[in-house]
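Below is one structure, written out as structure tokens; the observations come after it.
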Amino acid sequence: MVTLLYFASLRETLGLSTEKVELPMGTSSVSMLVAVLHARGGKWTQALAEGRPWRVAVNQQMADASTPVKAGDEVAFFPPVTGG
């Protein structure tokens with residue numbers, strides 16, 4: 001299970017700030033996790049769409065699509081500029 005955190009406009013679009021998600025078998029990177037979230041459809045596909053400006057951190061370290069993700073990790077999604 002991973003803890004997902006959503007900040008600023010992503011939090012507003014998705015309607016939640018945190019959730020715990022069981023990683024499906026074979027999900028081992030940020031890009032695979034994003035694909036799992038996209039599969040939810042609707043606001044998930046919109047919020048994390050390719051080309052939309054968002055960033056990701058794994059365990060409070062800036063990350064990219066190829067960054068490994070494993071059970072117990074904290075994955076944060078946020079827009080490029082976050083305030084207050």
Side-chain angles (χ1 to χ4, degrees):
M1 189 163 302
V2 295
T3 301
L4 303 181
L5 305 173
Y6 308 102
F7 293 94
S9 60
L10 288 171
R11 178 183 60 227
E12 293 168 15
T13 299
L14 298 172
L16 69 154
S17 60
T18 186
E19 68 175 317
K20 294 202 180 278
V21 173
E22 192 69 43
L23 287 175
M25 184 82 101
T27 304
S28 60
S29 69
V30 168
S31 64
M32 294 172 140
L33 175 59
V34 170
V36 168
L37 297 174
H38 275 193
R40 293 175 170 180
K43 61 187 175 184
W44 298 94
T45 304
Q46 175 189 352
L48 299 172
E50 188 173 322
R52 293 228 13 165
W54 53 269
R55 303 284 184 262
V56 64
V58 176
N59 299 323
Q60 299 182 6
Q61 297 292 316
M62 291 303 295
D64 61 27
S66 65
T67 300
V69 175
K70 64 185 181 324
D73 284 347
E74 176 188 86
V75 182
F77 294 96
F78 50 94
V81 177
T82 301

Checklist line | Closest contact, heavy atoms only, A63 versus V58 | finding: CB-CG2, 3.8 Å
Note to self: Would you compute the distance between atom CG of N59 and atom OG1 of T67 and round it to the nearest 0.5 angstrom?
What the structure shows: 10.5 Å
Notebook entry, point to check: Is F77 close to V34 at the side-chain level, that is, under 4.5 Å between some pair of heavy atoms?
Noted result: yes
Next item on the list: Please report the shortest heavy-atom distance between P68 and D73, naming the atom on each side.
Entry: O-OD2, 4.1 Å
Margin query: Between L5 and E74, is there a side-chain heavy-atom distance shorter than 4.5 Å?
Written below: yes
Note to self: Do F7 and V2 land in one hydrophobic cluster if side-chain heavy atoms of ILVMFWY residues count as linked below 4.5 Å?
What the structure shows: no
Check: Can you get from V21 to F78 by hopping between Ile, Leu, Val, Met, Phe, Trp and Tyr side chains that sit under 4.5 Å apart?
Finding: no
Checklist line | Hphob cluster co-occupancy, V36 + M32, side-chain heavy atoms under 4.5 angstrom | finding: no
Item checked: Check: L14 main-chain N/O paired with K43 side-chain donor or acceptor under 3.5 Å -> yes
Notebook entry, point to check: For V30 and D64, what are the C-alpha separation, side-chain angles and deciding distance, and is it a side-chain contact (heavy atoms from CB on, under 4.5 Å)?
Noted result: CA-CA 7 Å; V30 168; D64 61 27; over 6 Å; no
Item checked: Expected output: side-chain T45 to main-chain H38 donor-acceptor under 3.5 Å -> yes
Checklist line | Derivation and outcome, side-chain contact (heavy atoms from CB on, under 4.5 Å), residues V69 and T27 | finding: CA-CA 8 Å; V69 175; T27 304; 6.0 Å; no
Note to self: Looking at every non-hydrogen atom in both residues, tell me the closest pair between W54 and L10 and how far apart they are.
What the structure shows: CB-CD1, 4.0 Å
Note to self: Show the nearest heavy-atom pair for residues A71 and L23, with the distance to one decimal.
What the structure shows: N-CD1, 3.9 Å
Item checked: Minimum side-chain heavy-atom gap L4-L37 below 4.5 Å -> yes
Next item on the list: Taking all non-hydrogen atoms of both residues into account, name the closest pair between P80 and P53 and its distance.
Entry: CD-O, 3.4 Å
Margin query: For R11 versus Y6, what's the shortest heavy-atom pair and its separation?
Written below: CB-O, 3.5 Å
